[in-house]
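A quick note: this is a predicted structure, and the numbers were derived from the prediction, not measured. Here is how names work: the chains are called A, B, and so on, in the same order as the sequence lines, proteins then strands, and each is numbered from 1.
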There are 4 protein chains.
Amino acid sequence: MSDYFKDIAPIQFEGLNSENPLAFRYYNADQVVLGKTMKEHLRFAACYWHTFCWNGLDPFGGGTFERPWFAGGTPLQLAEQKADAAFDFFTKLTVPYYCFHDRDVAPEGADPRESHHNFKHMVEKLAAHQERTGMKLLWGTANLFSHRRFMSGAATNPNPELFAMAAAQVRDAMDATHQLGGENYVLWGGREGYESLLNTNIGHELDQMGRFLNMVVEYKYKIGFKGAILIEPKPREPSKHQYDFDTATVYGLLARAGLEKEIQVNIEANHATLSGHSFEHEVATALALGIFGSLDMNRGDYQLGWDTDQFPNNVPELALTMYYIMQAGGFKTGGCNFDAKVRRQSIDAADLFHGHVGGMDVCARALLAAEKMISDSRMEQAISERYAGWGQTWAQDIMAGKVGLDALADQVLANNTDVLPVSGRQEYLENLVNRFV
Amino acid sequence: MSDYFKDIAPIQFEGLNSENPLAFRYYNADQVVLGKTMKEHLRFAACYWHTFCWNGLDPFGGGTFERPWFAGGTPLQLAEQKADAAFDFFTKLTVPYYCFHDRDVAPEGADPRESHHNFKHMVEKLAAHQERTGMKLLWGTANLFSHRRFMSGAATNPNPELFAMAAAQVRDAMDATHQLGGENYVLWGGREGYESLLNTNIGHELDQMGRFLNMVVEYKYKIGFKGAILIEPKPREPSKHQYDFDTATVYGLLARAGLEKEIQVNIEANHATLSGHSFEHEVATALALGIFGSLDMNRGDYQLGWDTDQFPNNVPELALTMYYIMQAGGFKTGGCNFDAKVRRQSIDAADLFHGHVGGMDVCARALLAAEKMISDSRMEQAISERYAGWGQTWAQDIMAGKVGLDALADQVLANNTDVLPVSGRQEYLENLVNRFV
Amino acid sequence: MSDYFKDIAPIQFEGLNSENPLAFRYYNADQVVLGKTMKEHLRFAACYWHTFCWNGLDPFGGGTFERPWFAGGTPLQLAEQKADAAFDFFTKLTVPYYCFHDRDVAPEGADPRESHHNFKHMVEKLAAHQERTGMKLLWGTANLFSHRRFMSGAATNPNPELFAMAAAQVRDAMDATHQLGGENYVLWGGREGYESLLNTNIGHELDQMGRFLNMVVEYKYKIGFKGAILIEPKPREPSKHQYDFDTATVYGLLARAGLEKEIQVNIEANHATLSGHSFEHEVATALALGIFGSLDMNRGDYQLGWDTDQFPNNVPELALTMYYIMQAGGFKTGGCNFDAKVRRQSIDAADLFHGHVGGMDVCARALLAAEKMISDSRMEQAISERYAGWGQTWAQDIMAGKVGLDALADQVLANNTDVLPVSGRQEYLENLVNRFV
Amino acid sequence: MSDYFKDIAPIQFEGLNSENPLAFRYYNADQVVLGKTMKEHLRFAACYWHTFCWNGLDPFGGGTFERPWFAGGTPLQLAEQKADAAFDFFTKLTVPYYCFHDRDVAPEGADPRESHHNFKHMVEKLAAHQERTGMKLLWGTANLFSHRRFMSGAATNPNPELFAMAAAQVRDAMDATHQLGGENYVLWGGREGYESLLNTNIGHELDQMGRFLNMVVEYKYKIGFKGAILIEPKPREPSKHQYDFDTATVYGLLARAGLEKEIQVNIEANHATLSGHSFEHEVATALALGIFGSLDMNRGDYQLGWDTDQFPNNVPELALTMYYIMQAGGFKTGGCNFDAKVRRQSIDAADLFHGHVGGMDVCARALLAAEKMISDSRMEQAISERYAGWGQTWAQDIMAGKVGLDALADQVLANNTDVLPVSGRQEYLENLVNRFV
Ligand SMILES: [Co+2]
Ligand SMILES: [Co+2]
Ligand SMILES: [Co+2]
Ligand SMILES: [Co+2]
Ligand SMILES: [Co+2]
Ligand SMILES: [Co+2]
Ligand SMILES: [Co+2]
Ligand SMILES: [Co+2]
């Protein structure tokens with residue numbers, strides 16, 4: 001047991017009248033919404049990296065956080081202390097899931113074997129913590145972007161030996177995820193892109209990436225991992241351009257590699273906005289393309305051009321995202337992982353709880369709003385009425401490929417009738433949404 | 001013959017020492033570069049819409065241009081005057097090609113049949129002008145975004161009758177393009193996207209778009225059109241989100257519709273930068289994906305968030321784009337169409353020439369720079385050396401699918417050797433480029 | 001009386017349980033909040049231009065709205081019909097104020113005198129409508145950006161004759177504002193900036209602008225206008241760069257012209273975000289600099305790089321803006337003018353009401369949230385506690401200029417004590433805000 | 001003498017035909033341009049921080065550079081090794097100037113006194129290096145943003161004790177700059193701004209900043225420092241909003257503090273573009289406002305929303321900036337400091353030279369282009385002709401305040417003449433510029 005959080009009591013639902021800043025006012029784990037408990041719907045996860053690994057460093061300044069597990073022991077001892085603190089945090093926060101990168105939980109060793117053994121050692125510790133606490137793993141992943149060896153990419157590195165080193169790390173991370181009962185395995189290509197076209201062969205790198213993704217899927221079947229394989233789109237940063245720019249781009253990548261039925265997306269709110277889309281756009285697009293998997297829940301800052309990974313705090317913004325997901329049946333293997341970090345000036349242990357508690361309550365409010373939208377049904381009706389014309393036989397024939405350009409054109413000239421446009425009613429619909437948030 | 005340009009003499013190549021602002025200093029049509037004449041390589045086109053239709057209007061003010069064909073006759077008379085002026089301009093400018101939308105050349109009629117007949121009438125006039133002048137059509141297209149009936153989209157309209165009206169317009173535009181010997185047919189989906197998710201069914205609209213594209217391809221084969229079908233990606237504007245966001249997104253759309261071998265992209269510089277990419281990125285991506293078709297040559301303003309369609313004027317920026325295209329063998333059916341307009345304060349007839357002459361010279365300089373890059377070969381060598389490791393047998397086996405994650409991981413642990421990163425040499429390469437521009 | 005809105009009943013407050021989409025659920029004009037009625041606090045205005053003049057045109061397509069006053073009469077007859085419809089709309093909407101540009105209400109004439117007389121004529125009509133309905137004028141302004149004569153600027157035009165024509169229009173607009181009892185006079189410099197530095201003398205144009213502003217202030221005193229003179233900052237669009245970029249820039253302009261006590265800012269939400277700031281930043285900055293005047297209430301789209309002027313619909317975003325204003329004592333001469341337009345697909349008369357009713361309710365919710373924030377007082381306390389150290393005598397001496405760099409540096413070295421940072425508690429504060437919205 | 005650069009020979013001018021990538025092709029220090037040598041005009045400086053302190057770390061990965069002075073000694077020993085290497089680099093590069101932050105050259109100590117003594121110690125070493133090599137200091141500055149104590153600002157910290165600690169560091173840095181003959185002293189407010197308005201009192205912080213700037217100016221006079229005091233504008237990053245957003249904002253800050261004659265700006269290209277302006281805009285604005293001081297020469301990436309600090313490599317872009325400066329008489333105390341860093345994949349010692357040599361050549365080309373623009377004079381004439389009307393007596397009377405709004409308006413109505421707009425000729429001017437680059 002860590003004592004870093006000893007002053008924090010387990011977080012409880014206290015309802016709207018609570019003045020306790022470290023209580024839930026909306027997130028009531030066992031409250032039934034749309035046929036399931038909030039806990040079952042939201043499948044909250046806390047992440048290892050931002051909360052337990054980041055020290056507050058930014059490009060213009062050093063660390064501001066002073067966590068006890070940052071110094072004062074061997075790397076493995078510190079990793080164990082960190083795990084103690086992490087599970088203490090997770091359980092006090094009452095999230096059912098957590099997520100990690102291999103290098104978050106175990107230190108990089110002096111050579112590949114030592115890294116491998118460090119990781120194996122810590123996975124045993126995590127297994128024990130899970131056993132002890134009932135915590136579950138939402139997803140695992142491999143960090144293929146922090147070590148200098150991957151400065152020019154991992155799967156898309158110009159050097160095949162680094163592709164092999166990436167493969168080794170991913171095998172270990174997939175094995176660990178499988179062993180720990182993880183429900184998904186995630187790939188984020190922080191350096192899978194380029195800094196300059198001048199030293200880059202895009203075509204070759206896209207082929208490498210396609211091959212790597214296929215290897216991951218093959219290995220999933222080989223070991224019998226039943227979870228989903230997910231890619232997390234991001235347009236840039238750290239790379240100038242990343243090959244997994246956004247959901248539509250990832251769809252193209254997957255189609256090119258023949259994997260559009262095998263891999264889904266883990267959509268992060270801040271990555272969505274950095275790519276020039278709203279969060280709900282990315283989710284709605286993934287649902288439309290059949291590749292929606294999971295969420296990295298956070299928010300960016302609309303005035304900043306980089307990934308700020310702040311906790312979500314705007315209910316109206318999140319409510320639509322939640323609505324689209326719930327309307328489509330809710331999460332399957334995915335969930336709401338807080339890929340979010342407290343600001344670098346938020347240096348107290350309590351701040352970590354403030355960030356997550358606030359974020360969880362915002363998600364719960366969004367879920368409650370989505371429930372209202374669904375039971376009200378006017379939003380859904382507005383859409384179905386607008387496209388109702390496509391239910392006509394002649395229109396279905398178009399979609400079925402029975403009618404060609406020529407026949408349609410003839411019909412238009414034959415009838416010589418024009419079509420009057422009808423109002424899109426956007427303001428009415430926006431006001432309608434505001435009834436629910 | 002129009003007399004709007006009567007004070008402008010045909011533009012000639014006068015070389016570097018010319019002080020004539022309306023002469024080419026670099027573009028020497030018959031000069032051989034990389035095995036072809038500049039004219040054959042660059043395949044310049046001027047566009048109808050910006051130069052002959054736009055009156056200088058912007059969202060905050062009315063027209064500033066006073067062209068003689070804007071008023072003072074019946075719509076068809078004015079369309080004929082406009083065509084006279086346009087061909088006068090094209091020939092004085094010495095571009096071999098032009099491009100148009102159906103509604104640029106012929107007025108919208110009171111009903112579909114009248115529009116159809118107006119267009120047919122003007123296509124005959126264009127044919128006669130082509131015959132008379134030797135001008136050729138680089139591509140034709142249909143304007144499916146200006147009329148209010150298409151305010152909610154054309155192929156992706158919620159109303160199938162508008163899908164049919166779009167089909168009618170496209171058939172006419174394809175027929176005209178075929179009749180006029182056009183070398184490509186272009187689709188730009190100005191309203192194929194959404195303003196608000198609240199009234200949009202993305203999945204249905206993507207299916208509509210896929211079906212429409214297939215109809216276009218089917219019709220191409222039906223009429224024996226030998227040119228290429230092109231989509232012009234654009235991320236937004238006028239729509240909040242357009243389904244043809246960028247080249248990678250279009251690739252995904254095409255793959256989903258089974259058309260990635262049938263349709264290519266017409267890449268516009270300003271659309272590239274609005275989508276968060278450099279122009280050369282879009283071109284290199286299209287080449288890598290096998291869907292590069294043609295260019296809409298212009299530039300945006302890096303501080304402005306909308307499509308400014310200015311004439312290209314930065315040689316170093318354009319040189320890389322030209323290099324990638326020439327390295328890949330140059331244009332096939334495509335060319336360099338100036339989708340560019342003079343600023344709304346540039347109200348004189350001569351300004352139209354200044355814009356194009358400057359743009360053509362910038363392209364010629366970029367082509368000359370590309371020639372130097374190719375003959376020098378150090379840029380290409382730097383890439384091939386960087387990826388040389390992938391030529392090894394074991395690395396080729398990875399790409400060929402003969403080796404899996406497991407085997408690679410075992411090999412890494414067996415050898416336990418780490419890999420040292422090597423410099424990406426970006427600054428060296430950037431300096432190398434600067435030798436050629 | 002116009003009959004364009006004959007199907008719309010006057011909008012009433014019906015409270016939260018109302019299912020009537022054209023009723024207020026929050027805006028209860030006579031409800032007292034923070035010591036005044038909502039009506040007195042919010043001082044709502046509807047604008048003439050977007051709702052009565054714009055026809056739905058965008059850069060890629062023609063008008064979509066078909067208002068009866070757009071065609072079918074002489075320009076002055078249509079202007080009168082428009083005024084009838086406008087006052088019908090204002091009174092049904094129950095906003096107490098309206099705003100206009102000179103050219104919104106009266107047509108441009110064939111020459112300056114005709115324009116002058118047209119405007120005079122319509123000002124009489126407006127006066128009669130005000131008299132009849134009790135409507136008041138929040139502010140008037142002159143449109144110095146739509147006519148082609150102003151394509152290169154008005155006050156900052158390279159031609160002094162256009163400076164004079166701008167002066168003539170502004171005098172008329174100030175006279176009209178004065179005559180109609182307007183509470184403010186606004187200047188928006190849509191073309192007061194540049195398209196290209198290549199034809200621009202920034203220094204001269206800034207001097208021209210400074211002189212023009214001084215002339216406006218001199219004239220205000222000359223005619224005894226008691227309202228405020230306001231500048232509306234905007235970073236760009238239509239100009240590439242506008243001299244009134246944002247609030248801080250306007251402060252500098254005013255200081256350079258000696259007018260920082262004479263002119264205030266009219267802050268528009270969408271202009272704020274286009275300039276790289278949040279709305280609340282612009283408001284808080286103006287309050288800090290002592291130049292806060294009024295609001296143009298709307299919202300932009302965070303993914304779009306141009307001024308979309310949508311109706312506000314995000315309560316949490318607006319609540320902070322309202323909080324800062326109310327905390328500083330509320331509006332004086334200013335108010336909430338809806339510089340907002342329905343989407344171009346929202347073609348029905350009712351859509352104009354949906355936009356405004358939704359916007360007014362969102363503002364009312366924001367005001368109610370601000371009231372809660374103020375009565376709770378924890379937000380204010382957090383700030384005052386954080387800066388409490390500056391209340392110490394030695395710290396006040398610094399601010400008073402009694403202590404120099406040298407003395408402070410000596411003191412630090414003498415004491416040799418370091419200072420521990422304290423948490424900024426941002427997440428705690430964000431959660432606190434979420435209690436009130 | 002460091003041996004890190006032992007394989008690099010001093011960089012020499014070899015002219016256009018040189019194939020040596022580590023030679024100047026354009027920068028010929030002693031070549032006379034516009035009446036001075038290139039060396040005298042450009043006043044190149046290399047910076048300490050990016051080249052000698054940064055280890056290649058980014059927010060997603062650790063260091064990639066392995067410099068000998070990063071490890072293996074006491075902090076002061078390493079600082080001395082670093083200084084040896086730095087002066088070795090400066091002299092081989094043949095830049096006449098360098099720039100530093102206090103903490104770049106000397107390690108932070110355990111307490112203020114130790115930091116003070118470390119710095120004093122290293123300033124003596126720098127003095128000796130300057131004496132030995134003839135290198136000069138372009139400017140010094142204090143790093144008030146990297147240490148965690150300054151996480152909430154320095155001059156604008158809510159805690160006055162941190163204001164005092166900032167004062168102590170600045171006094172030392174000003175003393176050192178004075179002692180080392182520095183020609184300017186620079187202030188960059190990396191944390192002088194806010195992360196969240198919720199914990200910020202903007203008005204108080206602006207007052208603190210104004211007072212701090214006044215203290216700096218008072219101290220300058222006290223010690224008899226003859227150089228210029230400069231502020232380096234930047235819109236955001238690391239802070240969400242910085243008070244020195246851009247040149248116009250800084251002008252307002254200075255005017256509010258009564259310092260617009262005392263402090264000038266150090267304009268960085270990448271900061272310009274992050275603030276929504278072109279580099280030449282910021283320079284032209286500073287010249288127009290009389291506060292132009294010096295340049296931080298680099299470039300950003302137009303697709304990236306953060307400060308990439310790349311070496312300049314686009315001659316056309318830089319040429320205009322250089323033209324405006326030269327047209328205004330050239331640099332006074334300022335110069336061209338490379339606030340630029342090699343990419344994190346550029347890990348070789350030689351890469352540091354490639355970056356700077358390329359950047360210096362680009363600046364030299366831009367200077368040569370500016371010379372051509374000035375001798376040609378058509379660019380200047382186009383401007384003076386465009387504003388010629390303001391030379392008329394009646395127009396000068398306007399500017400002199402002799403004519404009011406009323407008189408001008410009367411004159412317009414009396415004459416009732418309209419003014420025809422004239423072409424802005426932007427395309428002609430852009431083509432003209434392209435003759436010189
Ligand atoms: Co994420
Ligand atoms: Co992120
Ligand atoms: Co185009
Ligand atoms: Co365009
Ligand atoms: Co406004
Ligand atoms: Co606006
Ligand atoms: Co800098
Ligand atoms: Co920088």
Option passing ring pair (Phe, Tyr, Trp, His ring centres under 6.0 Å) with Phe65(B) (candidates Phe70(B), Trp54(B), Tyr4(B)): Trp54(B)

Which one of Leu16(D), Asp348(D), Asn434(D) has the most heavy-atom pairs closer than 4.5 Å to chain B? Asn434(D)

Identify which part of Arg435(D) has an atom lying under 4.5 Å from any heavy atom of chain B, answering side chain, backbone, both or neither. both

So, for Phe90(D) and Phe52(D), is the gap between ring centers shorter than 6.0 Å? yes

Applying a strict 4.5 Å limit to non-hydrogen atoms, the region of Glu19(D) in contact with chain B is both

So which of His354(B), Arg365(B), Glu317(B) has the biggest tally of heavy-atom pairs under 4.5 Å with chain D? His354(B)

Heaviest contributor of heavy-atom pairs below 4.5 Å to chain B, chosen from Thr273(D), Thr64(D), Val422(D), is Val422(D)

Just give me the residue among Arg425(B), Arg299(B), Arg344(B) that pairs up with chain D most often, heavy atom to heavy atom, under 4.5 Å. Arg299(B)

Of Pro421(B), Ser346(B), Gly276(B), Ala350(B), the largest count of non-hydrogen pairs under 4.5 angstrom with chain D goes to Ser346(B)

What ring-ring contact (aromatic ring centres under 6.0 Å, His included) pairs are there with at least one residue in residues 356-375 of chain B, not counting sequence neighbours? Phe89(B)-His356(B), Phe311(B)-His356(B), Phe338(B)-His356(B)

Once salt bridge (charged side-chain N to carboxylate O under 4.0 Å, His left out) is applied, do any residues pair with Asp296(D), and if so which ones, sequence neighbours excluded? none

Quick one: do Lys234(B) and Asp307(B) make a salt bridge, cutoff under 4.0 Å? yes

Phe5(D) and Phe353(D): aromatic ring centres closer than 6.0 Å? yes

Relative to chain D, which of Glu430(B), Gln310(B), Gln303(B), Gln345(B) shows the most heavy atom pairs under 4.5 Å? Gln303(B)

